Amino acid sequence: MKKIRVGIIGCGGISHCHMGGYKKLVEEGRTELVACCDIDEEKLDKYAAQYNFPRKYTSAEEMMKNEQLDCVSVCVWNSAHKDCTITALRGGANVLCEKPMALNAAEAQEMYDVAKECGKLLQLGFVRRFGEDADAVKALVDEGKFGDIYYAKATYLRQNGCPGGWFGDKKFSGGGPLIDLGVHVIDLTRYLAGCPKPVSAFGVTYDNLGMHRAESEIGWKVEEGDHPYNVEDLCSALVRFDNGMTLSIEASFNLNIEGDCGDVQIFGTKAGTSLNSMKVLTTKDGKFVTFTPEGEHSFRFWPAFVSEIEGFVDAAEGKIPCKAPAEDGVWLMKIIDAIYESARTGVSVEIK
Ligand SMILES: NC(=O)c1ccc[n+]([C@@H]2O[C@H](COP(=O)([O-])OP(=O)(O)OC[C@H]3O[C@@H](n4cnc5c(N)ncnc54)[C@H](O)[C@@H]3O)[C@@H](O)[C@H]2O)c1
């Protein structure tokens, strides 16, 4: 059996999580690590040595020109997602691009169009779709246990969690907690609800707290770096969908809240649940009852990435449908664009 030839573009933090999945597939004899690429030569050297990549590049174009790659993970900062993804697709590879898909919907649409034109798979790094908690709730949704889902909440709040660096520099990140953290829970909610189409959004953003909060035992230790800090601290939004569902969103890097918290809650005509509690509230014989779905319910970070990478390679080989297709990345970027535009203008923004 021909081994899937793997390449990585961007050898930073999250790419190590991708490698957890690829290493497992290497052990199973399914994949071969061929080349990695980063513009930071020092990082690249370390990474190539750590994972035994036979070849390394400081240019994605060079890598794609020289290597026949089947599957490429794009793990660069957000502003480079579009160019690196298009380079990899045009170079003949299937691509798993990290979230958010791009800086905005126009870039995302271009990536989607190129993938179609090249006849290649473009999967999005919506890793929350690969969690056991998501699987458990999705199975119940598909069985019709919730009825029609008409309201949902997606929350990702940090008390003191600005990652700093390029994440705080809009030119590189596209925005703050909405585009960085919000995308995970917004996408997961939409996925669980059957991927309805968004039709409008109303949002507000605040930048009251900045990067440096207070001395704190919890939170991120952010050093003053080369990047300016110019993104929002907090975003709150309401999105309407074509099936009548409304989604309430909250995402923060910094907020005067007792501690970090996050959840995805869905409410249907027959039942409701929270992914945190995994208790499903419903009614039976005129009484309220709760039950917990069978199986593993937690979101386990590393296993979810292994599952994401396996899913990507399986989908690239045509064995299974892609669980996080590019189309959903484009819709997500349309939601993000509309929320930021609404926050800027103060009025609700239509999504097409
Ligand atoms: N799925 C998740 O849970 C999750 C978690 C963290 C980050 N992410 C996403 O992963 C991406 C990377 O985040 P990170 O935390 O690993 O950042 P990072 O800064 O640690 O790594 C990014 C790397 O990309 C490299 N790079 C930038 N432009 C490049 C280019 N044109 N060619 C080659 N290399 C280039 C940088 O030198 C850097 O080493 C971001 O899009 C982020 O939103 C996802």
Side-chain angles (χ1 to χ4, degrees), residues 3-28 30-40 43-44 46-48 50-64 66-102 108 111-112 114-115 118 120-130 166 183-184 187 301-317 320 322-326 328-329:
K3 285 186 184 172
I4 295 286
R5 293 167 60 81
V6 171
I8 303 283
I9 308 178
C11 304
I14 208 62
S15 67
H16 294 278
C17 300
H18 288 227
M19 286 310 300
Y22 289 124
K23 272 190 339 195
K24 178 169 179 277
L25 297 177
V26 167
E27 280 159 24
E28 291 170 3
R30 288 189 60 194
T31 58
E32 179 187 353
L33 303 178
V34 174
C36 56
C37 163
D38 200 295
I39 50 174
D40 179 332
K43 210 184 243 185
L44 176 68
K46 259 202 205 151
Y47 194 82
Q50 180 177 352
Y51 295 109
N52 288 320
F53 276 95
R55 286 176 296 286
K56 56 192 178 185
Y57 295 86
T58 51
S59 148
E61 286 80 11
E62 277 296 300
M63 180 172 87
M64 295 312 301
N66 293 349
E67 310 289 351
Q68 308 282 306
L69 298 173
D70 301 304
C71 282
V72 168
S73 277
V74 170
C75 301
V76 295
W77 44 61
N78 303 349
S79 59
H81 281 191
K82 187 194 80 167
D83 287 351
C84 290
T85 295
I86 289 176
T87 299
L89 289 167
R90 291 213 186 280
N94 301 290
V95 175
L96 170 57
C97 175
E98 261 306 336
K99 52 53 62 175
M101 187 162 176
M111 294 156 75
Y112 175 86
V114 171
C118 297
K120 292 292 167 190
L121 169 69
L122 174 54
Q123 180 168 320
L124 261 292
F126 293 138
V127 69
R128 291 296 308 261
R129 292 192 183 202
F130 294 85
W166 66 260
V183 288
H184 280 299
D187 176 70
F301 197 74
W302 283 93
F305 273 95
V306 170
S307 176
E308 178 184 61
I309 298 298
E310 274 183 328
F312 170 49
V313 171
D314 284 346
E317 287 188 306
I320 56 165
C322 173
K323 202 174 184 178
D328 290 335

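Only heavy atoms go into these numbers, but all of them, side chains included; no hydrogens, no water, no symmetry mates. From a predicted model like this one, the values you see are computed outputs, not experimental measurements.
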Using modelled atom types only, decide if a donor and an acceptor are shared between the side chain of [X] and the backbone of [Y] within a distance under 3.5 Å.
X	Y	value
Ser15	Gly12	yes
Asn94	Leu121	yes
Ser307	Pro303	no
Arg5	Gln68	yes
Asp38	Cys11	yes
Ser59	Glu61	yes

One thing to verify: whether [Y] and [X] come together as a salt bridge, which I'm taking to mean a side-chain N less than 4.0 angstrom from a carboxylate O.
X	Y	result
Arg30	Asp314	yes
Lys24	Glu28	yes
Arg128	Asp187	no

Can you check whether [X] reaches [Y] side chain to side chain, under 4.5 Å on heavy atoms?
X	Y	value
Met64	Arg90	no
Val34	Leu69	yes
Ile39	Thr58	no
Cys17	Phe301	yes
Lys323	Phe126	no
Glu32	Tyr22	no
Leu122	Cys97	yes
Trp166	Asn78	yes

Closest contact, heavy atoms only, His184 versus Gly125: CE1-O, 4.5 Å
Of all heavy-atom pairs between Ile9 and Cys84, which one has the smallest distance, and what is that distance? CG2-SG, 3.9 Å
I would like to know whether Glu98 and Val74 meet side chain to side chain contact (heavy atoms under 4.5 Å, CB included); could you show each step before the answer? CA-CA 6 Å; Glu98 261 306 336; Val74 170; over 6 Å; no
Ring pair (Phe, Tyr, Trp, His ring centres under 6.0 Å) assessment of His18 paired with Phe312: CA-CA 11 Å; His18 288 227; Phe312 170 49; 8.5 Å; no
Tell me whether the NZ or CZ atom of Lys56 lies within the 45° cone about the ring axis of Tyr47 and under 6.0 Å from its centre.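 Cation-pi check for Lys56 and Tyr47: fails.
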Let's go through Val72 and Ile8 carefully: what are the C-alpha distance in whole Å and the side-chain angles of both, what is the deciding distance for side chain to side chain contact (heavy atoms under 4.5 Å, CB included) to 0.1 Å, and is it a yes or a no? CA-CA 6 Å; Val72 168; Ile8 303 283; over 6 Å; no
Count the heavy atoms of every other residue, nucleotide or ligand shown that sit under 6.0 Å from CD of Gln50, and state whether that count exceeds 12.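 Buried by this count: over 12 neighbours within 6.0 Å.
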Going through the distances and angles, do Val183 and Met101 end up as a side chain to side chain contact (heavy atoms under 4.5 Å, CB included)? CA-CA 10 Å; Val183 288; Met101 187 162 176; over 6 Å; no
Go through the steps to decide whether Leu124 and Arg129 satisfy the test side chain to side chain contact (heavy atoms under 4.5 Å, CB included), and finish with yes or no. CA-CA 10 Å; Leu124 261 292; Arg129 292 192 183 202; over 6 Å; no
